[in-house]
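Below you'll find the structure, written out as structure tokens, and then a few comments.
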Amino acid sequence: MGNKLVLIDGNSIAYRAFFALPLLNNDKGVYTNAVYGFTTMLLKILEEESPDHMLVAFDAGKTTFRHKTYEEYKGGRQKTPPELSEQFPVLQDLLDAFEIKHYQLDQYEADDIIGTLAREAEQRGDEVTVISGDKDLLQLVSERVTVRLTKKGITDVDTYTPASLKEKMEIEPSQIIHLKALMGDSSDNIPGVPGVGEKTAVKLLKQFETLDNLYEDLEAVSGKKLKEKLEANKEEAYMSKELVTIEINAPLQMTLQDTSYSGYEASAVKEQFQNLGFSSLLSRIEGHKEEEVEMISVDVKIEETITEDMLMDETALIVEILEDNYHTSPIEAVVLSNEKGVFAFSVEQVMESEIFKAWAADSSKHKWVFDAKRTVVAFKRCGIPLEGVTFDVLLASYLVNPAVNNHDIPAISHRLGETGIPSDEEVYGKGAKRGRPEEDVLYEHAGRKALMLYRLKSNLEDQLKQNKQEDLFYNLEMPLTVILGEMEHTGVRVDTDRLKRMGEELEGRLAEIEKRIYEHAGEEFNINSPKQLGPILFEKLGLPALKKTKTGYSTAADVLEQLSDEHEIIDEILLYRQLGKLQSTYIEGLLKVVHKDTGKVHTRFNQALTQTGRLSSTDPNLQNIPIRLEEGRKIRQAFIPSEAGWVIFASDYSQIELRVLAHMSGDEKLIQSFKDGEDIHTKTASEVFGVSPEEVNADMRRQAKAVNFGIVYGISDYGLSQSLGVTRKAAQTYIDAYFKSYPKVKEYMDDTVRQAKEEGFVETLMNRRRYLPDMNSRNFNRRNAAERTAMNTPIQGTAADIIKKAMIDLAERLTQEDLEATMLMQVHDELILEVPEKEVEHLTKVVKEVMEHTVELVVPLEVDHSYGNTWFDAK
DNA sequence: TGCCCCACGC
DNA sequence: GACGTACGTGGGGCAC
């Protein structure tokens with residue numbers, strides 16, 4: 001039985017990590033980002049590969065034997081930044097703690113050490129895995145040698161075997177050096193044949209297999225220019241080949257035996273991690289778990305009866321529910337924590353206790369909770385109205401930093417250094433294994449959370465204050481969560497019969513289309529599988545493959561649309577996709593979540609998720625019900641009022657983001673456009689194309705609309721070029737023209753980016769915050785994405801703030817004016833209500849007033865409305 | 001179970 | 001030059 005050997009290209013991985021991660025340093029001011037990235041990769045490798053032999057190879061310094069061949073080898077390369085060089089000794093210390101061998105050899109590169117050991121090991125029958133970021137290493141791939149190259153970041157890798165190499169690059173491992181010989185490598189200053197890139201090189205190698213064959217039969221090369229270039233640069237090509245060939249007989253002063261690896265002492269690594277400030281990695285150290293962390297001690301009192309003295313003015317309240325969906329899952333426990341202690345009850349106990357119910361309904365008794373909406377709705381289902389919820393740890397944590405993806409009590413506690421509290425997953429299990437534990441375990445866990453919540457509250461309060469987010473928290477998100485809870489609890493009536501009829505009709509049509517597709521294809525296959533569809537279209541039917549994905553041919557709609565004229569099957573597939581989507585997601589999916597008892601759908605709005613401040617919606621997602629295509633739009637016919645004589649009423653902001661942009665930038669022209677009530681896309685078109693508004697045709701308006709869309713969503717020139725189907729250059733000219741026409745917008749964007757760079761975050765009108773750690777990244781792509789986010793988030797986030805405030809104001813007005821109308825849904829810039837038909841006129845006035853004046857911007861906010869017997873008819 | 005591809009909304 | 005590109009949710013296929 002062979003061994004399992006892992007060889008790591010130390011320089012390459014450290015380099016990758018350094019450029020992929022922001023320039024972190026620890027509390028001693030020592031840079032650690034490369035070490036950190038390297039370590040995450042290392043931990044992943046140890047987990048995935050469980051090697052019994054291991055080595056990290058490093059480059060040995062400036063010159064190598066290759067410089068004798070070619071003095072300019074690696075010339076012109078940027079000097080290693082000192083911030084990175086200083087991390088190598090740290091990294092080697094850490095490897096020592098892991099008890100992983102590392103090695104370097106004078107005059108040789110890490111590649112050569114790896115090549116030499118890999119060849120020796122595979123001859124011995126070992127399984128070898130090579131980890132690097134350098135494609136040169138691919139020449140080592142064989143039946144026993146797998147090469148894993150970092151792709152994006154450090155832990156995301158592509159795995160290469162002979163088969164996958166052939167598939168991805170269309171060549172054999174042995175041809176890699178020939179490939180490089182022809183195309184060269186600018187990063188190592190390897191010349192290759194000038195004018196020959198990867199595409200040409202692959203083509204040539206497909207024809208000739210090797211460099212020798214190519215030069216023996218140069219006449220067979222098609223293209224005069226190419227022939228000349230090859231002829232003239234023969235020497236360079238052969239020298240390049242020599243340079244990129246990895247030495248497999250390097251004079252190593254070590255043997256394979258020396259690489260044997262048998263794990264590490266957890267304590268040694270832990271110590272290093274603590275020195276480096278890698279607290280988030282501590283939990284990934286094996287043995288770490290066994291080392292019992294001292295749990296927070298909690299004295300949970302389980303009482304027969306609930307008495308007044310347990311129910312104080314300020315009490316942390318935990319309602320424990322095992323499943324995500326609180327509309328359907330039962331309450332497992334109710335736990336209180338306050339100055340009198342921690343008390344646990346069953347749901348039956350609280351439902352029967354008049355004392356508890358009176359306390360719950362008393363708004364002067366302040367309850368602090370985690371996830372107020374969940375808590376209130378769950379109680380409501382049990383017939384217990386809950387008032388006086390004044391602090392939600394979830395919402396507070398979200399406002400303080402929306403980028404954090406886990407705001408639950410154990411996670412927040414961990415971040416504040418309190419590790420003595422296990423996560424829900426650790427206590428209840430996950431997936432199929434999740435279940436209710438023994439009563440005492442359940443109560444103890446909920447008790448710990450209640451106790452921690454009580455402590456966390458003041459910490460979060462401080463952070464809100466520091467960020468000037470108290471108003472946002474207490475007067476926006478907290479009141480809103482109550483309203484959202486009511487909307488969810490109310491639910492939306494669904495006409496299931498209608499959905500079923502639509503489903504039957506679709507089924508028939510899908511079957512017919514399916515038949516026709518099979519006829520066109522000449523065989524039956526799974527149309528829903530891109531993996532099967534790709535070869536049918538691009539091999540069997542010989543259609544041109546315009547785009548590829550990581551795993552094969554792209555069959556995305558935008559690709560297929562370009563092929564529409566080439567073959568009749570294309571339109572059939574597009575239609576099949578369109579109808580199939582309606583069937584699976586919107587007909588079957590919706591029917592699945594209609595509540596048995598109420599005949600309604602009860603979505604859950606996630607108020608603590610998006611990075612911009614928008615809501616999201618799940619089970620079902622009511623924010624992506626089709627509207628664009630008529631066929632899909634009919635799904636909306638199944639959303640109906642819950643009572644006879646009522647109608648669905650929809651009200652949406654017109655161009656809210658662009659109005660926000662006008663306000664925030666102060667651009668006079670943009671402001672005037674809105675004041676004058678102009679058609680904004682036509683106006684933009686006339687500006688961008690330099691014509692009068694009357695001269696703007698439909699296509700110009702369409703393009704201008706995409707530009708406005710791009711401005712609002714912060715897409716790049718590339719994104720705009722994709723949506724317009726023009727070149728990137730053309731897209732960029734549109735963007736430039738836009739900024740030239742609206743100079744204050746450009747100024748505002750630049751200011752926002754500058755400020756984000758300085759402060760590390762951007763803010764909305766109501767002080768919602770988003771941190772942008774990549775703002776100063778040296779990685780071009782990351783920095784660019786961060787800059788676009790900086791420009792976009794204040795706009796989208798402010799729009800989100802505004803509609804949230806409108807909802808609060810509207811809820812209040814509906815009560816004041818004694819209207820029965822009820823809010824049902826929010827879809828980012830629109831509100832959907834149900835309302836008795838006789839109230840429509842009154843409601844129209846109120847909704848318009850509230851939504852248009854919930855904030856006063858320098859431009860008017862405009863609201864359109866409509867109503868009808870179904871959501872479809874409210875158009 | 002987790003990832004990929006695809007598709008729906010704003 | 002940078003080769004990947006708003007924010008979300010969900011379904012089906014597929015490899016493990």
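Residue numbers start from 1 in every chain, and the chains themselves are labelled A, B, ... in the order their sequence lines are given, proteins ahead of strands.
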[X] has an atom [atom1]; how far is it from atom [atom2] of [N], in whole Å?
X	N	atom1	atom2	result
A:R604	C:dG8	CZ	C1'	15 Å
A:L582	C:dT9	CG	P	21 Å
A:L579	B:dA7	CG	P	13 Å
A:I832	B:dG9	CD1	P	14 Å
A:I803	C:dC7	CD1	P	20 Å
A:I527	B:dC5	CD1	C1'	16 Å
A:W871	B:dC8	CH2	C1'	12 Å
A:F709	B:dC10	CZ	C1'	8 Å

* Quick one: are A:F538 and A:L563 in side-chain contact, heavy atoms under 4.5 Å? -> yes
With [atom1] as the reference atom in both, quote the distance from [N] to [M] in angstrom, rounded to an integer.
N	M	atom1	value
C:dA6	B:dC8	C1'	15 Å
B:dC5	C:dG4	P	13 Å
B:dC6	C:dT5	P	14 Å

Mind checking if [X] touches a base, just sugar-phosphate, or nothing, with heavy atoms under 4.0 Å?
X	value
A:Q532	sugar-phosphate
A:G710	nothing
A:R728	base
A:T555	sugar-phosphate
A:R577	sugar-phosphate
A:N526	sugar-phosphate
A:K433	nothing
A:T789	nothing

* Can you tell which of B:dC5, B:dT1, C:dG11 lies closest to the side chain of A:T551? ->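 That would be B:dC5.
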* Asked: Of the nucleotides C:dG11, C:dG4, B:dG2, which one has an atom closest to the side chain of A:S584?
  -> C:dG11
* Distance under 6.0 Å and angle within 45° of the ring axis: does A:R434 meet both against A:Y428? -> no
* B:dC8 base stacked by A:Y586? Criteria: ring centres under 5.5 Å, plane angle under 30°. -> no
* Near DNA chain B, under 4.0 Å by heavy atom, which residues of residues 605-627 of chain A? ->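 Close to the strand are A:R614, A:Q623, A:N624, A:I625, A:P626, A:I627.
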Return no unless some side-chain N or O of [X] is found under 4.0 Å from OP1 or OP2 of [N].
X	N	answer
A:N781	C:dG4	no
A:T585	C:dG10	no
A:S716	C:dG4	no
A:Q583	C:dG11	no
A:K531	B:dC3	no
A:R788	C:dG4	no
A:R628	B:dG9	yes

* Asked: Parallel under 30°, tilted from 30 to 60°, perpendicular over 60°: which one fits the rings of A:H602 and A:H327?
  -> tilted
* **A:F649 and A:H865 aromatic ring geometry - parallel, tilted or perpendicular at 30°/60° bounds** => parallel
* CD1-NE2 distance between A:I656 and A:H828, expressed to the nearest 0.5 angstrom -> 13.0 Å
* Structure fact -> Contact check, residues 556-563 of chain A vs DNA chain C, heavy-atom distance under 4.0 Å, returns none
* Asked: Do you know the tightest heavy-atom contact between A:M851 and A:L861?
  ->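 A:M851 and A:L861 have their closest heavy atoms at O-CD1, 4.0 Å.
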* Which atom names give the shortest non-hydrogen contact between A:R768 and A:T612, and what distance separates them? ->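 Scanning both residues completely, I find the closest heavy atoms to be CD-O, 3.4 Å.
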* Ion pair present between A:R509 and A:E631, side-chain N to carboxylate O less than 4.0 angstrom? -> yes
* Asked: So, does the side chain of A:Y718 form a donor-acceptor pair with the base of C:dC3 at under 3.5 Å?
  ->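 It does not, because no donor-acceptor pair links the side chain of A:Y718 to the base of C:dC3 below 3.5 Å.
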Checking [X] side chain against [Y] main chain: does a donor-acceptor pair fall under 3.5 Å?
X	Y	value
A:S777	A:D774	no
A:T793	A:A790	no
A:K540	A:A521	yes
A:Q611	A:L609	yes

* Asked: Got a minute to check which stems DNA chain C is part of, using Watson-Crick or G-U wobble pairs under 3.5 Å, three or more consecutive?
  -> B:1-9 with C:7-15
* Without hydrogens or angle criteria, can the side chains of A:S654 and A:D864 be said to hold a donor-acceptor pair below 3.5 Å? ->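 No, because no side-chain N or O of A:S654 sits under 3.5 Å from a partner of the opposite role on A:D864.
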* **Check against side-chain hydrogen bond (donor to acceptor under 3.5 Å, both in side chains), A:E477 and A:Q607** => CA-CA 8 Å; A:E477 301 294 356; A:Q607 199 183 346; 2.7 Å; yes
